[in-house]
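Bear in mind the structure is a predicted one, so any value in this text is a computation, not a measurement. Just so we're on the same page: letters track the sequence lines, and every chain starts at 1.
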Number of protein chains: 2
Amino acid sequence: MANIQQVAKHAGVSVATVSRVLNDQNTVSSKTRLKVEEAIKELNYEPSMLGRNLRNSESRIVLILIPTISNPFYLEIIKGIENVAISHNYNILLCETDSDPEKENIYFDLVRKKMADGIISMDPAVNVETLKQLAEKYAIIQCSEYGGGIGIPYVTIDNEEASYRAVKHLLQIGHTKIALMNTDEKFLYARERKMGYERALKEHGIEMNNNYIFYTKDLGFENGQQAMKKILNLKQRPTAVFAVSDLLAIGALKEINASGLSVPGDMAVVGFDKIDFSNMTNPTLTTIAQPMYKMGTTAAKMLIEKIRGNKVDSVVLDFELVIRESTAG
Amino acid sequence: MANIQQVAKHAGVSVATVSRVLNDQNTVSSKTRLKVEEAIKELNYEPSMLGRNLRNSESRIVLILIPTISNPFYLEIIKGIENVAISHNYNILLCETDSDPEKENIYFDLVRKKMADGIISMDPAVNVETLKQLAEKYAIIQCSEYGGGIGIPYVTIDNEEASYRAVKHLLQIGHTKIALMNTDEKFLYARERKMGYERALKEHGIEMNNNYIFYTKDLGFENGQQAMKKILNLKQRPTAVFAVSDLLAIGALKEINASGLSVPGDMAVVGFDKIDFSNMTNPTLTTIAQPMYKMGTTAAKMLIEKIRGNKVDSVVLDFELVIRESTAG
DNA sequence: TATGAAAATGTAAACGATTTCATTGTGGAA
DNA sequence: TTCCACAATGAAATCGTTTACATTTTCATA
């Protein structure tokens with residue numbers, strides 16, 4: 001495997017000149033450029049990024065931290081990040097933390113050890129203290145899930161308002177007994193979405209009923225099934241459920257179907273995220289569409305700015321309520 | 001940011017000694033080791049992987065090539081690869097090719113330029129010629145999808161047999177008019193699965209009927225819907241469908257439901273892959289379970305062996321037929 | 001033709017680790 | 001005490017680039 005020295009010798013020039021050709025510098029005469037390019041061809045030379053990266057003190061790799069790759073919610077965001085990254089000559093390392101601080105630390109080490117130039121964190125369970133500390137020295141952006149007020153730039157939607165709109169939709173089509181399927185309130189978005197839920201109810205003169213609020217440990221399909229089981233067992237059974245993730249909602253859907261009830265006839269269901277699958281279920285799912293691709297591209301652009309050493313501001317993007325069969329009574 | 005020189009100076013030793021401490025070499029006296037460790041603490045030193053990688057001529061990064069991140073089939077495989085990789089101190093770069101040779105080439109360049117130590121390819125549409133050429137110089141393993149006979153080690157299941165078993169199951173529960181929803185036969189697995197389909201039919205004295213075979217461009221949900229639409233319009237309508245991917249099958253499911261027919265009463269459906277979502281549909285999907293996690297770990301171990309310069313052999317893993325509601329008539 | 005600014009090229013020092021080989025230090029045996 | 005084997009340490013080369021600075025070349029102008 002040839003290196004730049006050999007190319008230089010073969011072309012009869014210095015390594016500096018070869019490097020200039022490689023980096024498209026305009027200070028090379030077309031004659032020598034040709035010589036060099038020929039040598040490169042003949043030797044089948046490929047510049048080593050290891051050498052270049054060391055010299056430039058960069059890795060051109062950015063980390064994406066997600067709790068699990070199994071939640072399709074992240075897929076579109078990742079695509080957005082990826083496209084921007086690639087067009088800026090960055091590559092992405094997808095890091096599944098399983099919300100495990102130990103795994104998390106492996107990845108944090110990657111930036112400490114210069115193997116990564118920055119991080120986009122989408123893990124709501126991330127250790128905020130560590131992250132904050134890391135952010136003092138390294139480029140970090142939070143995407144979709146963020147610890148508030150810790151001074152790290154983020155991109156998100158207005159969760160309170162989105163939740164409000166979802167619940168309001170249920171109220172408008174006549175529901176008054178509406179259950180909330182939420183996650184642990186240690187997560188900011190969980191608290192925000194509950195607030196939106198409460199505001200919508202209040203606005204319609206309905207008092208929030210704690211018996212109608214269910215907390216799940218995770219955002220997965222099974223969690224939705226289990227929670228729905230409990231809801232169906234209530235003596236005062238609600239007529240609608242608002243779940244804070246599509247996977248939860250799909251679990252609910254499955255459970256309702258299994259119990260012989262029908263959606264939306266007996267029970268309306270609203271999800272959150274608009275993952276691909278939300279359109280594949282039977283019935284299709286009413287949900288809040290997060291602008292996932294846009295979130296990804298935005299976060300990536302912010303990160304690259306940050307890596308360049310510029311200051312960046314947080315961004316709040318628009319969402320949309322998508323009404324489909326699961327509430328189209 | 002401290003470097004090894006400064007640590008050496010601070011500890012009053014040479015850089016060689018610091019490096020020895022870093023790499024756990026036993027030739028360091030416990031006294032100096034202590035001094036060095038103290039200096040590392042005090043200076044908050046983190047060894048740079050850029051320097052180390054250059055010196056060692058390795059990146060400790062491996063590439064995973066997949067056509068699209070949207071097909072959940074790959075998720076479990078990726079997890080398997082990831083776990084093995086991490087435990088061997090490798091990191092993985094997830095590369096979405098969109099089956100676009102140009103994007104593919106960006107990633108191939110990464111290994112040519114030493115930014116990656118090897119590739120696990122799961123892209124059936126990969127440019128086999130390039131891959132073959134690359135495999136002469138770099139470590140490459142094919143996982144799940146493979147170009148046959150090109151001398152690159154692969155891990156897969158017996159697609160012909162799996163398909164045979166799926167169709168045989170349908171025959172055994174009484175179906176005789178069975179449609180096949182396949183993809184382009186330029187893919188080896190598509191040809192193999194068709195052969196299995198044919199063998200099962202033949203064994204039951206049924207001649208293969210080309211009107212019952214449908215080709216889709218991709219393996220997505222929409223492709224399944226479209227193909228099912230055609231199937232439902234046949235005058236001699238089949239009573240069962242075998243789709244070569246779960247996403248196709250789920251699209252079919254959706255279309256059957258939409259047309260007012262019921263599964264499995266009017267139409268039985270079998271998928272392939274056992275993705276998570278195949279258990280969330282209504283009804284749940286009968287499918288061929290590929291040992292995805294195992295495929296991932298196996299491929300990763302093979303790749304690491306290959307990187308080390310050892311010869312590795314291809315592997316064929318077991319599959320399983322999982323019978324669920326969509327055929328439980 | 002001599003001059004000098006601008007353009008083209010070269011030299012050598014980084015970047016930050018690992019490792020070979022040489023050197024020094026240590027302790028036990030004679 | 002002397003010597004030797006072996007353990008511990010250090011000096012310096014190396015991995016493959018980029019780039020500041022120095023040097024040479026070119027060429028229009030006086």
Side-chain angles (χ1 to χ4, degrees), chain A residues 1-40 43-61 89 109-117 137, chain B residues 1-40 43-61 89 109-117 137:
Chain A
M1 226 86 60
N3 62 16
I4 200 173
Q5 310 277 353
Q6 296 165 20
V7 173
K9 184 185 278 183
H10 195 270
V13 299
S14 74
V15 294
T17 301
V18 177
S19 175
R20 288 188 187 105
V21 171
L22 251 32
N23 294 286
D24 252 348
Q25 244 129 352
N26 44 3
T27 67
V28 182
S29 77
S30 50
K31 196 172 39 165
T32 35
R33 159 166 279 122
L34 225 67
K35 272 197 304 185
V36 171
E37 277 164 354
E38 212 153 277
I40 290 178
L43 297 184
N44 239 307
Y45 166 70
E46 296 273 356
S48 157
M49 300 202 68
L50 297 177
R52 166 179 304 185
N53 288 348
L54 172 58
R55 168 63 213 223
N56 293 344
S57 297
E58 61 172 17
S59 62
R60 299 212 81 84
I61 285 181
N89 255 297
D109 260 356
L110 251 33
V111 18
R112 295 197 191 98
K113 293 187 176 169
K114 303 267 173 59
M115 193 68 238
D117 296 341
K137 290 175 74 177
Chain B
M1 225 87 58
N3 62 16
I4 199 172
Q5 309 279 354
Q6 296 165 20
V7 173
K9 184 185 277 181
H10 195 268
V13 299
S14 74
V15 293
T17 303
V18 177
S19 174
R20 288 187 187 106
V21 171
L22 251 33
N23 295 286
D24 254 346
Q25 244 128 353
N26 45 3
T27 67
V28 181
S29 77
S30 51
K31 196 171 39 162
T32 33
R33 158 166 279 124
L34 225 67
K35 272 196 304 183
V36 171
E37 277 164 354
E38 212 154 279
I40 290 178
L43 296 184
N44 239 307
Y45 167 71
E46 297 274 357
S48 156
M49 301 202 67
L50 297 177
R52 166 179 305 186
N53 288 349
L54 172 59
R55 171 62 215 224
N56 293 345
S57 297
E58 61 173 15
S59 62
R60 299 213 79 84
I61 286 181
N89 255 298
D109 259 355
L110 250 34
V111 16
R112 295 197 191 99
K113 293 187 175 168
K114 302 268 172 59
M115 193 68 239
D117 296 341
K137 290 176 74 177

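- Within 4.0 Å (heavy atoms only), Ser19(B) reaches at least one base atom of the nucleic acid.
- With hydrogens and angles ignored, a donor-acceptor pair under 3.5 angstrom links the side chain of Arg55(B) to the base of dT18(C).
- Note: CG (Asn53(A)) to P (dC15(C)) measures 16 Å, nearest angstrom.
- In this structure, Met49(B) atom CE and dA17(C) atom C1' are separated by 11 Å, rounded to whole Å.
- Atom CD in Gln25(A) sits about 14 Å away from atom C1' in dA7(C), given to the nearest Å.
- Considering Gln5(B), Lys9(B), Gln6(B) in turn, Gln5(B) is the only one that fulfils the side-chain contact (heavy atoms from CB on, under 4.5 Å) rule with Val15(B).
- Straight-line distance from the CG atom of Leu34(B) to the P atom of dT9(D): 12 Å, rounded to whole Å.
- Residue Ser48(A) has no polar side-chain atom (N or O) positioned under 4.0 Å from OP1 or OP2 of dG16(D).
- Glu46(A) comes within 4.0 angstrom of sugar-phosphate atoms only, judged by non-hydrogen atoms across all strands, and of no base.
- One finds no side-chain N or O of Thr17(B) lying less than 4.0 angstrom from the OP1 or OP2 phosphate oxygen of dA8(D).
- When distances are taken from the side chain of Asn56(B) to each of dA11(D), dT19(C), dT11(C), the shortest belongs to dT19(C).
- Gln5(A) comes within 4.0 angstrom of a base, heavy atoms only.
- Taking only side-chain atoms of Ala16(A), from C-beta outward, the nucleotide of dT17(D), dG16(D), dT19(D) with the closest atom is dT19(D).
- For Met1(A) and dC15(D), the CE to C1' distance is 14 Å, given to the nearest whole Å.
- At the phosphate of dT9(D), OP1 or OP2 sits under 4.0 Å from a side-chain N or O atom of Thr32(B).
- Rounded to a whole Å, the CZ atom of Arg33(B) is 15 Å from the P atom of dA7(D).
- A straight line from CD of Glu58(B) to P of dT18(C) spans 11 Å, rounded to a whole angstrom.
- A pairwise comparison of heavy atoms in Leu22(A) and Tyr45(A) identifies CD2-OH, 3.7 Å as the closest pair.
- Here the side chain of Arg20(A) pairs no donor or acceptor atom with the backbone of Thr27(A) at under 3.5 angstrom.
- Each of Lys31(B) and Lys114(B) was assigned the nucleotide of DNA chain D with the nearest heavy atom; the assignment lying further toward the 5' end belongs to Lys31(B).
- Counting atom types as modelled, Arg52(B) pairs no side-chain N or O with a base atom of dT18(C) as donor and acceptor under 3.5 Å.
- Between the CG atom of Leu50(A) and the P atom of dA14(C) there is a distance of 22 Å, given to the nearest Å.
- Interface remark: the Arg20(B) side chain does form a donor-acceptor pair with the dG10(D) base, using a distance-only criterion of under 3.5 Å.
- For the pair Ala39(B) and His10(B), the tightest heavy-atom approach, listed with the atom from each and the gap, is CB-ND1, 3.6 Å.
- Comparing Leu54(B) and Ser30(B) against DNA chain D, the residue whose closest nucleotide sits nearer the 5' end is Ser30(B).
- When all heavy atoms of Asn53(B) and Glu58(B) are compared, the pair lying nearest together is CB-O, 2.9 Å.
- Val21(A) approaches Glu37(A) most closely through the heavy-atom pair CG1-CG, 4.2 Å.
- At a threshold of 4.0 angstrom between heavy atoms, the contacts of Val28(A) are confined to the sugar-phosphate backbone, with no base atom among them.
- At the phosphate of dT18(D), OP1 or OP2 sits under 4.0 Å from a side-chain N or O atom of Asn23(A).
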